[in-house]
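Nothing here was measured: the structure is a model prediction, and the numbers come from that model.
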Amino acid sequence: LYPMETALRSLMGLQKKSGDYIVGMIADQTPHSAYNRVWLKFLNQETYVYMGPEKIATKFNHAVAYMKMTKPRRGQYVLEVVPGLENAKESAPYEIVKTYYQLLEAQINEQPELWLWTHRRWKHSRKEDEILV
């Protein structure tokens with residue numbers, strides 16, 4: 001488990017030690033500052049999101065997958081790996097982050113009770129000079 005501030009440095013160390021590793025990132029969070037974020041439509045709201053996972057995947061040419069969790073019944077959770085890109089360097093700009101949020105939105109629409117609605121996702125507003133991708 002690596003904090004955001006040291007994630008890139010830690011991943012570089014992992015890559016040097018071994019060629020095979022799996023990286024899981026929790027990307028559904030609100031960015032703290034204007035650094036490393038982009039605005040997009042999410043649940044019909046202009047929302048800013050982290051670009052860090054996309055930038056890291058592209059830098060290391062990681063394969064990218066989405067982890068979809070469902071709850072078929074009480075006490076049972078199913079985790080499904082949804083394949084994405086095999087080589088992140090081949091992705092178009094913003095493709096990874098857009099795809100992630102499209103999959104997340106579809107998952108929320110399927111089972112809204114599983115999404116943590118308590119955080120303040122839309123506490124910021126887009127400024128005129130910030131573009132929406």
Side-chain angles (χ1 to χ4, degrees):
L1 190 62
Y2 301 108
M4 181 183 66
E5 297 81 18
T6 61
L8 185 59
R9 192 173 318 119
S10 301
L11 287 173
M12 291 170 84
L14 274 176
Q15 190 174 38
K16 288 178 184 176
K17 288 180 186 175
S18 84
D20 297 330
Y21 57 92
I22 294 175
V23 178
M25 295 186 190
I26 300 171
D28 183 28
Q29 300 174 24
T30 303
H32 299 289
S33 68
Y35 175 73
N36 222 6
R37 76 173 188 208
V38 67
W39 288 88
L40 55 83
K41 282 277 191 181
F42 174 63
L43 296 172
N44 298 318
Q45 302 288 322
E46 290 184 356
T47 308
Y48 68 37
V49 298
Y50 281 124
M51 284 298 297
E54 178 170 320
K55 289 183 178 194
I56 288 172
T58 304
K59 179 174 181 58
F60 293 101
N61 200 26
H62 287 155
V64 178
Y66 178 79
M67 303 300 284
K68 179 181 179 180
M69 185 185 69
T70 56
K71 183 180 177 185
R73 61 181 168 263
R74 185 176 178 197
Q76 182 183 27
Y77 294 87
V78 175
L79 192 60
E80 175 189 352
V81 178
V82 179
L85 298 167
E86 198 160 315
N87 301 306
K89 282 188 179 180
E90 296 174 5
S91 67
Y94 311 114
E95 181 180 358
I96 294 170
V97 73
K98 282 181 178 180
T99 301
Y100 170 81
Y101 278 92
Q102 288 168 354
L103 290 167
L104 178 61
E105 187 168 338
Q107 181 179 345
I108 291 167
N109 287 330
E110 286 174 24
Q111 287 190 300
E113 68 278 8
L114 295 183
W115 196 50
L116 183 61
W117 292 94
T118 59
H119 62 73
R120 297 180 340 191
R121 159 65 70 189
W122 297 285
K123 62 184 172 184
H124 301 287
S125 299
R126 183 170 61 94
K127 298 180 178 105
E128 283 186 31
D129 62 336
E130 295 177 309
I131 60 166
L132 186 66
V133 296

ask   = Mind checking whether W115 and F42 have parallel, tilted or perpendicular rings, split at 30° and 60°?
value = perpendicular
Mind listing the side-chain donor-acceptor pairs of residues 102-110 below 3.5 Å, one per line with the distance, residues two or more places apart or on another chain?
from: E105; atom 1: OE1; to: L43; atom 2: N; distance (Å): 3.1
from: Q107; atom 1: OE1; to: Y66; atom 2: OH; distance (Å): 2.5
from: Q107; atom 1: NE2; to: M69; atom 2: O; distance (Å): 2.7
from: N109; atom 1: ND2; to: E105; atom 2: O; distance (Å): 3.2
from: E110; atom 1: OE1; to: K68; atom 2: NZ; distance (Å): 2.9
from: E110; atom 1: OE2; to: K68; atom 2: NZ; distance (Å): 3.4

key: Straight-line distance of Y94 OH to I131 CD1, nearest 0.5 Å   = 5.0 Å
message = Determine whether M51 and V97 satisfy the following criterion, side chain to side chain contact (heavy atoms under 4.5 Å, CB included), listing intermediate values before the conclusion.
response = CA-CA 7 Å; M51 284 298 297; V97 73; 3.7 Å; yes
ask   = Do side-chain atoms of E130 reach the backbone of K127 as a donor and acceptor pair under 3.5 angstrom?
value = yes
ask   = Does any N or O in the side chain of S91 come within less than 3.5 Å of the main-chain N or O of A88, such that one atom is a donor and the other an acceptor?
value = yes
query = Under the side chain to side chain contact (heavy atoms under 4.5 Å, CB included) criterion, do V49 and Y101 qualify, and how do the steps go?
reply = CA-CA 9 Å; V49 298; Y101 278 92; 3.3 Å; yes
key: Evaluation steps, side chain to side chain donor-acceptor pair (under 3.5 Å), between W122 and T47   = CA-CA 6 Å; W122 297 285; T47 308; 2.6 Å; yes
inquiry  = Apply side chain to side chain contact (heavy atoms under 4.5 Å, CB included) to residues E90 and L85 and explain how you reach the verdict.
reply    = CA-CA 8 Å; E90 296 174 5; L85 298 167; over 6 Å; no
query = Heavy-atom count around E86 CD within 6.0 Å, excluding the residue itself: above 12?
reply = no
Distance (rounded to the nearest 0.5 Å) between S125 OG and Y48 OH = 9.5 Å
remark   = In terms of heavy-atom contacts, P72 and Q76 come closest through CD-O, 3.2 Å
message = Any side-chain to backbone donor/acceptor pair from N61 onto K89? Under 3.5 Å, distance only.
response = yes
Cluster overlap M67 with Y77, hydrophobic side-chain contacts below 4.5 Å = yes
inquiry  = To the closest 0.5 Å, what do you measure between NZ (K71) and CD (Q111)?
reply    = 8.5 Å
key: Candidates E54, K55, H62 - the one meeting side chain to side chain contact (heavy atoms under 4.5 Å, CB included) with I96   = E54
